[in-house]
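Below is one structure, written out as structure tokens; the observations come after it.
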Amino acid sequence: MPKERIQPMKNIKIALLQIKPCDRLDENLKKGIEYCKKAKEMRADIALFPEMWSNGYNIHDRPIDEWKAEAITADSEFVNTFGELAKDLSMAIGITLLEKNEKGLRNTLILFDRFGEKKLTYAKVHTCNFDVEQYLTPGDDFYVCTLDTATCGEINIGAMICYDREFPESARILMLKGAELILVPNACPMEINRLSQLRGRAFENMLAIATCNYPETVPDCNGNSTVFDGVAYTPELSGSRDTCILQADSKEGVYVAELDLEQLCHYRETEVHGNTYRQPQKYDALIDTKIAPPFIRNK
């Protein structure tokens, strides 16, 4: 369980690297370094890549063996370079990759803190088994780490990846494990319904959700990276407020959101959502593994 915060809080800056991938691993490494440096110039505390940056999520309409050969390990030079860069820039970096490990191939996020230490390794739990991701191995669990930042001290961070957002259990379990911010690498069109999912997950769990997508120049993507802060009510407003504090356009670029962590923490201590009035003793059906019609699929 993440530690309870003891440091004074300020705003934390989250940079979403909404950028187009290149054709080779070494080119993605070079471009990734370039844009992390741009994020640091914008005073970001955290820089987040889109889904599977190591090969640009280029696994569709290609021979399976071809893209499988592009998988890299979690301790590869590509990954470790971003760890070293995080230390050099004193900025946390969430790098994404097609990971090769002893369990098979995984769709993975690795989060380095500003000291270059690996704080979180998360593999996508809800792989898209109706499509080419059926050849990937799902992750084992959802994890939360405590990230030390220079501007606001410690913040508890979890992760989801793309399709994970479509299952309310993903964000709920991260909330129950103490997450205040969820990082979401993404690679699909972010239209009104998917954006509504993120808004809802942030609202019902009283946490922030930062999603980084690819720009419109990448097939089946359209930018629209977002940050929802989850704070629906404030004392000065008679009604609810817009929890979207950043929505990028469709173009390539670095988009920075400033999250008011003090406001979020106060909100979590006083409002009625999250884990305050749940009745888990009545939720047995949520862990029933039976799948009944009309939800049975062939794959």
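- Surrounding CZ of Arg241 are more than 12 heavy atoms belonging to other residues, nucleotides or ligands, all under 6.0 Å away.
- Crowding of Tyr135 atom OH: a count of heavy atoms from other residues, nucleotides or ligands under 6.0 Å not exceeding 12.
- A distance of 11.0 Å separates CD1 in Ile46 from CD1 in Ile93, rounded to the nearest 0.5 Å.
- Atom CG of Leu237 has more than 12 neighbouring heavy atoms from other residues, nucleotides or ligands inside a 6.0 Å radius.
- Between Val218 and Pro21 the shortest side-chain heavy-atom distance falls below 4.5 Å.
- Checked against Met52 for a side-chain contact (heavy atoms from CB on, under 4.5 Å), the options Ile59, Leu109, Ile161 give a single hit: Ile59.
- In this structure, the side chain to side chain contact (heavy atoms under 4.5 Å, CB included) partners of Leu286, at least two apart in sequence or on a different chain, are Glu169, Tyr283.
- Taking hydrophobic clusters as Ile, Leu, Val, Met, Phe, Trp and Tyr residues chained together by side-chain heavy-atom distances below 4.5 Å, Ile287 does not share a cluster with Leu176.
- Shown here are the salt bridge (charged side-chain N to carboxylate O under 4.0 Å, His left out) partners of Asp141, two or more places apart in sequence or in another chain: Lys177.
- Salt bridge Asp75/Lys118: absent, no basic N to carboxylate O contact under 4.0 Å.
- Of the charged side-chain nitrogens involved, at least one lies within less than 4.0 Å of a carboxylate oxygen, so that Arg24 and Asp26 count as a salt-bridged pair.
- Considering every non-hydrogen atom in both Leu16 and Thr226, the closest pair reads CD1-O, 3.7 Å.
- The backbone N or O of Ala232 lies less than 3.5 Å from no partner atom in the side chain of Ser240, so there is not a single donor-acceptor pair.
- Between Tyr267 and His273, the angle of the ring planes lies from 30° to 60°, which puts this pair in the tilted group.
- For the side chain to side chain donor-acceptor pair (under 3.5 Å) condition, the pairs that include at least one residue of residues 104-116, sequence neighbours left out, are Glu51-Asn107, Glu99-Arg106, Glu99-Thr108, Asn107-Glu133, Arg114-Asp148.
- With a 4.5 Å cut-off on side-chain heavy atoms, Arg172 and Glu204 count as touching.
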One pair to check against side-chain contact (heavy atoms from CB on, under 4.5 Å): Arg297 and Asn129. What are the steps and the verdict?
CA-CA 10 Å; Arg297 304 290 185 270; Asn129 291 340; over 6 Å; no
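- With hydrogens and angles disregarded, a donor-acceptor distance shorter than 3.5 Å links the side chain of Asn224 to the backbone of Asn222.
- The main-chain N or O of Asn193 is found under 3.5 Å from a side-chain atom of Glu191 such that the two form a donor-acceptor pair.
- Salt-bridge annotation for Asp88 and Lys37: absent, with no side-chain N of the basic residue lying under 4.0 Å from a carboxylate O of the acidic one.
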Could you walk me through whether Phe78 and Ile95 satisfy the side-chain contact (heavy atoms from CB on, under 4.5 Å) test, starting with their C-alpha distance in whole Å, then the side-chain angles of each, then the deciding distance to 0.1 Å, before giving a yes or no?
CA-CA 10 Å; Phe78 177 88; Ile95 183 62; 3.9 Å; yes
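- Between Ile157 and Lys119 the shortest side-chain heavy-atom distance does not fall below 4.5 Å.
- With hydrogens and angles left out, the side-chain atoms of Thr151 and Asp45 include a donor and acceptor closer than 3.5 Å.
- Residues passing the side chain to side chain donor-acceptor pair (under 3.5 Å) test with Glu70 are Asn55, Arg62, sequence neighbours excluded.
- The two residues Asn58 and Trp67 have their closest heavy-atom pair at O-CB, 3.9 Å.
- Considering CG of Leu136 and CG of Leu105, their distance stands at 6.5 Å, rounded to 0.5 Å.
- Side-chain contact of Tyr214 with Asp220: a donor-acceptor pair under 3.5 Å is absent, judged by distance alone.
- For the residue pair Gly178 and Val144, the shortest heavy atom distance occurs at C-CG1, 4.3 Å.
- Across every non-hydrogen atom of Gly158 and Ala179, the tightest pair is N-CB, 4.2 Å.
- For the atom pair Glu180 CD and Asn156 CG, the distance stands at 4.5 Å (nearest 0.5 Å).
- Salt-bridge annotation for Glu271 and Arg268: absent, with no side-chain N of the basic residue lying under 4.0 Å from a carboxylate O of the acidic one.
- A continuous path of hydrophobic side-chain contacts links Ile245 to Ile14 [ILVMFWY only; heavy atoms under 4.5 Å].
- Placement of Leu174 and Leu261 within a single hydrophobic cluster is found when ILVMFWY residues are connected by side-chain heavy-atom separations under 4.5 Å, directly or transitively.
- Nearest heavy-atom pair, Pro185 versus Leu48, reported as atom, atom and distance to 0.1 Å: CG-CD1, 4.1 Å.
- Here Leu195 contributes atom CG and Phe228 contributes atom CZ; the two are 5.5 Å apart, rounded to the nearest 0.5 Å.
- Transitive grouping of hydrophobic side chains (ILVMFWY, heavy atoms separated by less than 4.5 Å) brings Leu89 and Leu29 into a common cluster.
- Glu166 has a carboxylate O that lies under 4.0 Å from a charged side-chain N of Arg194, or vice versa, which qualifies the two as a salt bridge.
- Side-chain atoms of Asp260 never come within 3.5 Å of backbone atoms of Asn11 as a donor-acceptor pair (strictly under, hydrogens ignored).
- Side-chain N/O atoms of Asn213 and Gln18 include no donor and acceptor closer than 3.5 Å.
- With values rounded to the nearest 0.5 angstrom, Ser54 atom OG is found 4.5 Å from Ile72 atom CD1.
- A search for ring pair (Phe, Tyr, Trp, His ring centres under 6.0 Å) contacts involving Tyr233 returns nothing, not counting sequence neighbours.
- Screening Gln197, Arg201, His126 against Arg165 for a side-chain contact (heavy atoms from CB on, under 4.5 Å) leaves a single residue, Gln197.
- Hydrophobic clustering, with ILVMFWY side chains joined whenever heavy atoms are under 4.5 angstrom apart, keeps Leu111 apart from Trp53.
- Of the listed residues (Lys20, Lys31, Lys38), just one forms a salt bridge (Lys or Arg N to Asp or Glu O under 4.0 Å) with Glu252, and that residue is Lys31.
- Considering all non-hydrogen atoms of both residues, Asn205 and Ala171 come closest at ND2-CB, 3.6 Å.
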Would you check, one step at a time, whether the test side-chain contact (heavy atoms from CB on, under 4.5 Å) holds for Asn186 with Cys162?
CA-CA 5 Å; Asn186 196 79; Cys162 202; 3.3 Å; yes
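- Heavy-atom contacts from other residues, nucleotides or ligands closer than 6.0 Å to CD1 of Ile291 number 12 or fewer.
- Looking at Arg199, its side chain never comes within 3.5 Å of a backbone N or O of Asp242 through a donor-acceptor pair.
- Listed by chain and number, the residues in a side chain to side chain donor-acceptor pair (under 3.5 Å) with Asn101 amount to none (sequence neighbours excluded).
- Expressed to the nearest 0.5 Å, how far SG of Cys152 lies from CG of Leu147 amounts to 8.5 Å.
- Considering Phe112, Phe82, Tyr35 as possible partners of Phe49, the one that fulfils the ring pair (Phe, Tyr, Trp, His ring centres under 6.0 Å) test is Phe82.
- Side-chain N/O atoms of Asp164 and Tyr122 include a donor and acceptor closer than 3.5 Å.
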